Amino acid sequence: MPIRVLLVDDETLVRSGLRLILEGDRRVQIVGEAIDGEAALAAVADTQPDVVLMDIRMPRMDGLAATEHILAAHPGTRIIVLTSFDVDDLVPRALRVGATGYLLKDAPPRELIEAVHRVADGDTILSQAALGHLVQAVVKQPSPESRSEGAHRLATLSERELEVAHAIGRGLSNAQIAAELFISITTVKTHVGRILEKLQVANRVQIAACVQRSEG
């Protein structure tokens, strides 16, 4: 089955560039385009995409507000936020409203295509720049969790789960972790689920933040 993708950006040139890149992958099917957040809401209802590539800064309704509204109505939709602004506060905001990926617009074509595939397969995607900003933002947020508390939580993990947690902290995908640890992707997903439960966190970014807290 193709990965159905909706493109949302107020700049025609950007949408055309994204389409040109993604249509070069035979697994991707572009099902529509929208010029702002309001148009995106209607387009998602009409086309039922698997993945939405969402610009942040748009007139009428920005990408973060549109993401929140779309996921309230269509919780199974996966949204990758795209921005040309490498701004710290946008990264945690995008994740808080439910985005499953964050990429800068100048990401290489291969990284963009890989992100669409990974998000469609259930991964959370962050560019290396975005991951660093997001983990730092999470770590800096007021929290009762100290370094010792973070280490205590990690101590509940098995040796293999700890290896997976540190790999997540380096931004590796499930497939990359599987290759590095010589285990199946299904086994990686099982470990990730257990890690989320044991650390009492909601997503991979929070796993990375927990790892960083424990390291000081």
Side-chain angles (χ1 to χ4, degrees), residues 2-9 14-15 17-19 21-22 25 27-34 37 40 43-44 48-58 62-72 74-138 167-177 185 188-189 192 196 201-209:
I3 302 171
R4 298 168 54 81
V5 177
L6 175 71
L7 308 176
V8 184
D9 197 292
V14 172
R15 296 197 310 275
L18 293 173
R19 177 181 285 274
I21 292 169
L22 292 174
D25 188 297
R27 272 198 63 196
V28 175
Q29 177 185 359
I30 306 300
V31 295
E33 299 182 10
V44 168
Q48 298 293 310
D50 301 307
V51 177
V52 178
L53 293 181
M54 179 76 73
D55 185 26
I56 284 186
R57 300 177 185 273
M58 296 181 293
D62 66 32
L64 299 182
T67 294
E68 192 168 15
H69 286 297
I70 288 170
L71 293 178
H74 308 276
T77 306
R78 314 285 289 178
I79 299 179
I80 299 175
V81 171
L82 296 173
T83 180
S84 56
F85 299 89
D86 192 2
V87 182
D88 293 10
D89 69 328
L90 291 179
V91 188
R93 283 180 59 202
L95 272 290
R96 279 200 299 271
V97 299
T100 45
Y102 184 103
L103 289 176
L104 300 181
K105 284 185 177 179
D106 60 0
R110 181 178 299 177
E111 184 176 344
L112 176 65
I113 293 170
E114 181 184 2
V116 169
H117 282 255
R118 286 176 57 183
V119 164
D121 288 338
D123 270 357
T124 297
I125 296 301
L126 294 161
S127 68
Q128 287 300 315
L131 178 63
H133 289 313
L134 183 55
V135 170
Q136 287 300 320
V138 172
I168 290 172
R170 290 187 282 122
L172 300 189
S173 69
N174 286 347
Q176 290 169 327
I177 295 171
I185 294 177
V188 173
K189 290 181 179 179
V192 172
L196 292 171
V201 296
N203 55 53
R204 298 167 77 96
V205 173
Q206 291 173 343
I207 292 175

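Along the sequence shown, residues carry numbers from 1. Atoms considered below: every heavy atom in the structure, side chains included; atoms not considered: hydrogens, waters and symmetry mates. Please read these numbers as outputs of a predicted model, since none were measured by experiment.
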Which pair of non-hydrogen atoms, one from [X] and one from [Y], has the smallest distance, and what is that distance?
| X | Y | answer |
| --- | --- | --- |
| P2 | D50 | O-OD2, 3.6 Å |
| A40 | M54 | CB-CE, 4.3 Å |
| G98 | T67 | C-CG2, 4.4 Å |
| M58 | G37 | CE-N, 3.6 Å |
| V116 | V51 | O-CG2, 4.1 Å |
| R15 | D9 | NH1-O, 2.8 Å |

>> Does Q29, at its CD atom, have more than 12 non-hydrogen atoms belonging to other residues, nucleotides or ligands within less than 6.0 Å?
In response: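 Above 12, so yes.
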> Does the side chain to side chain contact (heavy atoms under 4.5 Å, CB included) test come out yes or no for D55 and V14, once each step is laid out?
Replying inline: CA-CA 10 Å; D55 185 26; V14 172; over 6 Å; no
> So which of L53, V5, V52 actually passes side chain to side chain contact (heavy atoms under 4.5 Å, CB included) with I80?
Replying inline: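 Single pass found, and it is L53.
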>> Under a 3.5 Å distance rule, please check whether R78 uses its side chain to pair with a backbone N or O of D121 as donor and acceptor.
In response: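 Not confirmed, R78 side chain does not pair with D121 backbone.
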Taking atom [atom1] of [X] and atom [atom2] of [Y], what is their separation to the nearest 0.5 Å?
| X | Y | atom1 | atom2 | value |
| --- | --- | --- | --- | --- |
| L196 | I207 | CG | CD1 | 4.0 Å |
| L6 | E33 | CG | CD | 8.5 Å |
| L22 | I113 | CG | CD1 | 6.0 Å |
| T100 | L71 | OG1 | CG | 7.5 Å |
| L18 | I30 | CG | CD1 | 8.0 Å |
| Q176 | I168 | CD | CD1 | 12.0 Å |

> If you measure from the Lys or Arg side-chain nitrogens to the Asp or Glu carboxylate oxygens, is any gap between E114 and R110 under 4.0 Å?
Replying inline: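 So E114 does not pair with R110 through a salt bridge.
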> Are V192 and N174 side-chain neighbours, meaning at least one heavy-atom pair lies under 4.5 Å?
Replying inline: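 In contact.
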